[in-house]
Amino acid sequence: MPELPEVESVRRKLSRWTTGARLVSAVASDRRIVRGSLSAFAKLEGRTFRSFERRGKWLRIGFGENQYLYSHLGMTGDWELEGEERFERARFEIVKKKKKNVLRYTDPRRWGVLALAGEDFPPWAALGPDPLHDGIDIDRLEKKLSVRAKKSVKEVIMEQKVLAGIGNIQAIESLWKAHIHPKRKAASIEHEEVVALVKAIEWSIARTLADLELGDAGKDNPFKIYGNAGRPCPRCKTILQRFELGGRTTTACATCQPLAKVKPSRTKPSAKRAKTSAPQRRRSRR
DNA sequence: ACCAATGTTGACAG
DNA sequence: ACTGTCAACATTGG
Ligand SMILES: [Zn+2]
């Protein structure tokens, strides 16, 4: 469930469900997920859900008096009202307008995090600007990219202090939209490309979020190229490639997202041929 | 039965 | 000190 759009969607439903609700009981006993003391959760009992914020992939629920419940969904975390007990990792009984409900944090893989803290929480403080909440500062991004001569543009935009909330899917989709190959060195991205990338990130986040807001009506794979390696590029019909980059499976179109510059410059010697990627390897347990 | 999965972090080698 | 590469985490669903 976890990139910026998914987390934003969770934030919205939490706000819908629990604004003004009173927390009757809070039980979180999974040591892998809960950071800090388990008993601290009892301190929240009796308090009221007041605010719902998101920064990147982090959520925080405010209970007043500088008490926040921070939540990171890891790879498979989600919040549900009622629903199945199967993947429940934390349970919150709430009362809103006399109605009692169970709010669950579910997380099969248990890579998520729950933490109680005040407004100063290091993982939250460490996040860069959130594209949806703060917008993207083109000059700042250009600077961040220009300094990274060795890393690929995809890896850099996925760093949470560069842009909070961009994950594998959003990176793949936006780079495709901006016609930028994910393996390009971050520092090689030119000004106009940064401008295009910023637009593309906004485009991808907006359409993913819109799709999520449709609820179950949404299709299985609403993405343009993520998860579609081996199928034709929606723009040019070239078969989409799949490769690993920075330990993450990546999809790209070799035609729309050239690795080597294709600028038709008859005066200059021909551009170097793009390196052909090694025959598909497989591995990764992410 | 096998493989891949929307994330993050820490170890290690160069 | 920096950089890149792996592995690990834990579990499910196709
Ligand atoms: Zn294409």
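In what follows, every chain begins at residue 1, and chains take the letters A, B, ... in the order their sequences are listed. In this text the structure is predicted, and so the values were computed from the model without any measurement.
Comparing B:dG7, C:dT12, B:dA5 by their closest approach to the side chain of A:Arg86 singles out C:dT12. Looking at the side chain of A:Arg242, the nearest of the listed nucleotides C:dT11, B:dA4, B:dT8 is B:dA4. Checked against B:dG7, C:dT11, B:dT6, the side chain of A:Lys57 finds its nearest nucleotide in B:dG7. In the set C:dT11, C:dC9, B:dT6, C:dC9 carries the atom at the smallest distance from any side-chain atom of A:Trp111. Picking from B:dT6, B:dT8, B:dA5 the nucleotide with the shortest atom distance to the side chain of A:His72 gives B:dT8.
The aromatic ring centres of A:Tyr226 and A:Trp176 sit 6.0 Å or more apart. Taking the centre of each ring, A:Phe243 and A:His181 come in below the 6.0 Å mark.
OP1 or OP2 of B:dA5 lies within a sub-4.0 Å distance of a side-chain N or O belonging to A:Thr249. At the phosphate of C:dT12, neither OP1 nor OP2 sits under 4.0 Å from any side-chain N or O atom of A:Arg109. Within the structure, a side-chain polar atom (N or O) of A:Arg248 is placed less than 4.0 Å from OP1 or OP2 of B:dT6.
In this structure, CZ of A:Arg35 is placed 17 Å from P of B:dG7, rounded to the nearest angstrom. Note: CD1 (A:Ile225) to P (B:dT6) measures 13 Å, nearest angstrom. Put simply, OH on A:Tyr226 is 12 Å from C1' on B:dG7, counting in whole angstrom units. With rounding to whole Å, A:Lys154 atom NZ is found 15 Å from C:dG4 atom C1'. One can place CD of A:Glu159 at 14 Å from P of C:dC2, the figure rounded to the nearest angstrom. We find that CG of A:Asp107 is positioned 11 Å from P of C:dT12, with the value rounded to whole Å. For A:Lys185 and C:dT3, the NZ to P distance is 12 Å, given to the nearest whole Å. Atom NZ in A:Lys150 sits about 8 Å away from atom C1' in C:dC2, given to the nearest Å.
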### Task
Would you sketch DNA chain B in dot-bracket for me? Only Watson-Crick or G-U wobble pairs with both distances under 3.5 Å count, crossing pairs as [ ], other-strand pairs as |, the rest as dots.
.||||.||||||||

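Between the side chains of A:Ser152 and A:Lys185, no donor-acceptor pair of N or O atoms lies under 3.5 Å. For the residue pair A:Ser25 / A:Glu93, a side-chain donor-acceptor distance below 3.5 Å is found, with atom types taken as modelled. Between the side chains of A:Ser9 and A:Glu6, no donor-acceptor pair of N or O atoms lies under 3.5 Å. At a cut-off of 3.5 Å, with distance as the only test, no side-chain donor of A:Thr250 or A:Glu244 sits close to an acceptor on the other residue.
C:dT5 and B:dT6 have their C1' atoms separated by 22 Å, with the value rounded to a whole Å. With P as the reference atom, B:dA4 and C:dC6 are 16 Å apart, rounded to whole Å. For B:dC3 and C:dA7, the P atoms lie 15 Å apart once the distance is rounded to whole Å.
Here the options are A:Thr208, A:Leu209, A:Leu214, the test is side-chain contact (heavy atoms from CB on, under 4.5 Å), and the partner is A:Asp211; only A:Leu214 passes.
Taking 4.0 Å as the cut-off between side-chain N and carboxylate O, A:Asp78 and A:Lys13 count as a salt-bridged pair.
A:Pro108 comes within contact range of the sugar-phosphate backbone alone, with a heavy-atom separation under 4.0 Å but no base atom that close.
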